[in-house]
Structure formats: C-alpha cells, structure tokens
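Report on the following structure.
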Amino acid sequence: MEDKRLERSFVMIKPDGVQRGLIGDVISRFEKRGYKLIALKMSSPTKEHIESHYEDLKAKKFFPDLVAYMLMGPVIAMVWQGTAVVSTGRKIVGATNPLDSLPGTVRGDFCIETGRNIIHASDAVESAEKEIKLWFTETEVKSSDTLAPETGGKTG
Ligand code: UDP
Ligand code: MG
C-alpha cells in the first residue's frame, strides 16, 4: 500500500560539505527524489547552539571534537518535506560511518571519515520537529502553496 506519511526532516550540510562545494549536489538529490524544500539558510551557529543540537551526544568521548568540527565554518540548514522524508532522508545520506555507507548515498559518494561526514539528517520524526524548532522560526518554515509536488510526483 502507498505510504502517506507526510513528514518534515531537518537536513544540514556540515562545514566540510559547504567548503567542498557539495551544496548543489545534496540539494539536487533531495529535489530529484521528489522532496520539497520548505526552508533553507546559511548559518554560522554559536558553540551553544551546536551543543544543543547534539545534546543527546554530550556524554560521548567524541563530543568536543564534533562541536569543534561543526564550528569550522558556515553550515546550510534545510527543512525538507514529503512522504516518509525522515527515514528516506537517512537512506539518501547513508550510514554514520562513511565506510559503511553504500555508494550512491551522499556519504558513500563523498567521504571516508565519521568525523568529516559532511551532512546531517534527522533520525526520527520527533527529533526532526525538535531540530526544526532549534534552527528555524515558525515563519521561516511556513510552507507556501506552490505547484511543486510534495510527495514525489514527477512529470513525464
Ligand atoms: N560522530 C563522530 N564519531 C563517532 C560517532 C559520531 O565524530 O564515533 C559524529 C559524526 O559527525 C556524526 C555525528 O557525530 O554524524 C552525530 O552522530 P550520530 O550518531 O547522531 O550520527 P548521524 O545521525 O549523523 O548519522
Ligand atoms: Mg544523529
């Protein structure tokens, strides 16, 4: 049966992805799949903001390195919307450790180190909503009605 879960996911191109010129490629993959970009901004977050985004990981040994990595330069913060975009977005992104990411995924095509894995995508609907609130105001994510399909409908 067709899956009708209309979801939103928070996707972020990390500083290395921005610096390496991968913004267009990442956006293109989500667009071509059929998802709708409903918010986007370049951001240079504070240390506190990054610590809050990765709050669940603060007890991990790699946490200080992760925070430092995320502060190396601006990031691209995005909200994507469409059917099952959270789980599908994670598939588009690939495994956390790029060595486990399949070719054809963003990480599987562009990186080899967990500590430089170029992209973030929400891992659950609840965390997505939390992350969207942390990075965007309500006005910024208010989706305007357009002719663009939200659920993957393609012409031709
Ligand atoms: N990370 C790391 N070392 C690890 C695990 C994670 O540097 O052993 C970093 C990596 O950048 C990862 C981020 O911390 O993307 C968040 O970890 P998470 O387990 O949430 O992975 P993700 O959801 O990004 O796949
Ligand atoms: Mg995660």
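Order of appearance sets the numbers: ligands from 1, and atoms from 1 within every ligand.
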For ligand 1, indicate whether the residue [X] contacts it via side chain, backbone, both or neither (heavy-atom separation under 4.0 Å).
X    : result
K60  : neither
E113 : neither
D65  : neither

For residues 48-67, which side-chain donor-acceptor pairs fall under 3.5 Å, sequence neighbours excluded?
{"unit_1": "E51", "atom_1": "OE2", "unit_2": "K47", "atom_2": "NZ", "d": "3.1"}
{"unit_1": "H53", "atom_1": "ND1", "unit_2": "W135", "atom_2": "NE1", "d": "3.1"}

More than 12 foreign heavy atoms under 6.0 Å from CD of Q19: is that the case here?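 Atom CD in Q19 is not crowded, with 12 or fewer foreign heavy atoms closer than 6.0 Å.
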Is the shortest N/O to N/O distance between T96 and ligand 1 below 3.5 Å?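 Yes, at least one N or O pair falls under 3.5 Å.
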Near [X], which atoms of ligand 1 are under 4.0 Å from a heavy atom of that residue?
X    : value
Y54  : 16 (C)
T114 : 1 (N), 2 (C), 3 (N), 4 (C), 5 (C), 6 (C), 10 (C), 11 (O)
R107 : 15 (O), 22 (P), 24 (O), 25 (O)

Donor-acceptor pairs under 3.5 Å, side chain of residues 89-113 to any protein atom, not counting sequence neighbours: which ones?
{"unit_1": "R90", "atom_1": "NH1", "unit_2": "A121", "atom_2": "O", "d": "3.0"}
{"unit_1": "N97", "atom_1": "OD1", "unit_2": "L99", "atom_2": "N", "d": "2.9"}
{"unit_1": "S101", "atom_1": "OG", "unit_2": "A95", "atom_2": "N", "d": "3.1"}
{"unit_1": "S101", "atom_1": "OG", "unit_2": "A95", "atom_2": "O", "d": "2.8"}
{"unit_1": "T105", "atom_1": "OG1", "unit_2": "L102", "atom_2": "O", "d": "2.6"}
{"unit_1": "T105", "atom_1": "OG1", "unit_2": "G108", "atom_2": "N", "d": "2.8"}
{"unit_1": "R107", "atom_1": "NE", "unit_2": "N117", "atom_2": "O", "d": "3.3"}
{"unit_1": "R107", "atom_1": "NH1", "unit_2": "G94", "atom_2": "O", "d": "3.2"}
{"unit_1": "R107", "atom_1": "NH1", "unit_2": "A95", "atom_2": "O", "d": "3.3"}
{"unit_1": "R107", "atom_1": "NH2", "unit_2": "I119", "atom_2": "O", "d": "2.7"}
{"unit_1": "D109", "atom_1": "OD1", "unit_2": "G104", "atom_2": "N", "d": "2.7"}
{"unit_1": "D109", "atom_1": "OD2", "unit_2": "R29", "atom_2": "NH1", "d": "3.2"}
{"unit_1": "D109", "atom_1": "OD2", "unit_2": "R29", "atom_2": "NH2", "d": "2.9"}

Using ring centroids (six-membered ring only for Trp), state whether Y35 and W80 fall under 6.0 Å.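 No, ring centres 6.0 Å or more apart.
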Does N117 have a non-hydrogen atom less than 4.0 Å from ligand 1?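 It does, in that a heavy atom of N117 comes within the 4.0 Å cut-off of ligand 1.
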Between E140 (side chain only) and T137 (backbone N and O only), is there a donor and an acceptor less than 3.5 Å apart?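 Yes; at least one donor-acceptor contact below 3.5 Å.
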